[in-house]
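Notes follow the structure.
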Amino acid sequence: MGETVPGIDLVADGEHRYLATLRGSDGTRTEHVVTSDPDLLERVAVTPAEEPFLVRRVVEVLLETAETSGGTVPAVVDLRELDAARPELLRSVPLR
């Protein structure tokens, strides 16, 4: 019997706002809102065209962390708050 592969469906939902549907390896499905802003993008040296890639990679990291630690991904992920709490994270996420 195969294991469900974790996955992320990400869609833009306005300016600097994304809806992420996450599927965990245990088959759970959760929905999340991810927000960003132009000042944050400038601080972490990400272009507006790269923003969706940054959002996806950050959500992947959060999902992987939640799966290994038994935690959860917050319903709302504000990249500004995440950057304030973990300033190294956004700058270290590879966009490709």
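Residue numbers start at 1 and run along the sequence shown.
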**OP:** Find the distance between OG (Ser36) and CD (Glu15) and round it off to the nearest 0.5 Å.
**Re:** 10.0 Å

Original post:
Is there any salt bridge (charged side-chain N to carboxylate O under 4.0 Å, His left out) pair reaching into residues 68-78, and which pairs are they, with sequence neighbours excluded?
Top reply: Asp78-Arg80

**OP:** Please list, chain by chain and in numerical order, all residues satisfying salt bridge (Lys or Arg N to Asp or Glu O under 4.0 Å) with Glu60, sequence neighbours excluded.
**Re:** Arg57

**OP:** Report the C-alpha separation of Asp13 and Val33 in whole Å, then their side-chain angles, then the decisive distance to 0.1 Å, and conclude whether the side chain to side chain contact (heavy atoms under 4.5 Å, CB included) test is met.
**Re:** CA-CA 9 Å; Asp13 184 44; Val33 173; over 6 Å; no

Subject >> Main-chain N/O of Glu64 paired to Glu67 side chain as donor or acceptor, under 3.5 Å >> reply: no

Original post:
Can you check whether Val34 reaches Val58 side chain to side chain, under 4.5 Å on heavy atoms?
Top reply: no

Donor-acceptor contacts under 3.5 Å from residues 38-45 side chains, at least two apart:
none

**OP:** Under the side-chain contact (heavy atoms from CB on, under 4.5 Å) rule, collect the residues that match up with Thr21, sequence neighbours excluded.
**Re:** Asp9, Arg29, Glu31

**OP:** Applying salt bridge (Lys or Arg N to Asp or Glu O under 4.0 Å), name anything that partners Glu88, two or more places apart in sequence or on another chain.
**Re:** Arg86

**OP:** Test side chain to side chain contact (heavy atoms under 4.5 Å, CB included) on Val77 and Leu62 and set out the steps.
**Re:** CA-CA 10 Å; Val77 178; Leu62 293 175; 3.8 Å; yes

Original post:
If you round to the nearest 0.5 Å, how far is CD of Glu51 from OH of Tyr18?
Top reply: 3.5 Å

Original post:
Who pairs with Thr30 by side-chain contact (heavy atoms from CB on, under 4.5 Å), at least two apart in sequence or on another chain?
Top reply: Leu22, His32

Original post:
What are the two closest heavy atoms between Leu10 and Pro52, and how far apart are they?
Top reply: CD2-O, 3.8 Å

Subject >> Asp83 and Leu89: CA distance, side-chain angles, deciding distance, side chain to side chain contact (heavy atoms under 4.5 Å, CB included) verdict >> reply: CA-CA 7 Å; Asp83 186 51; Leu89 178 64; over 6 Å; no

**OP:** Decide yes or no on side chain to side chain contact (heavy atoms under 4.5 Å, CB included) for Leu63 and Ile8, but give the supporting numbers first.
**Re:** CA-CA 9 Å; Leu63 180 58; Ile8 299 169; 4.1 Å; yes

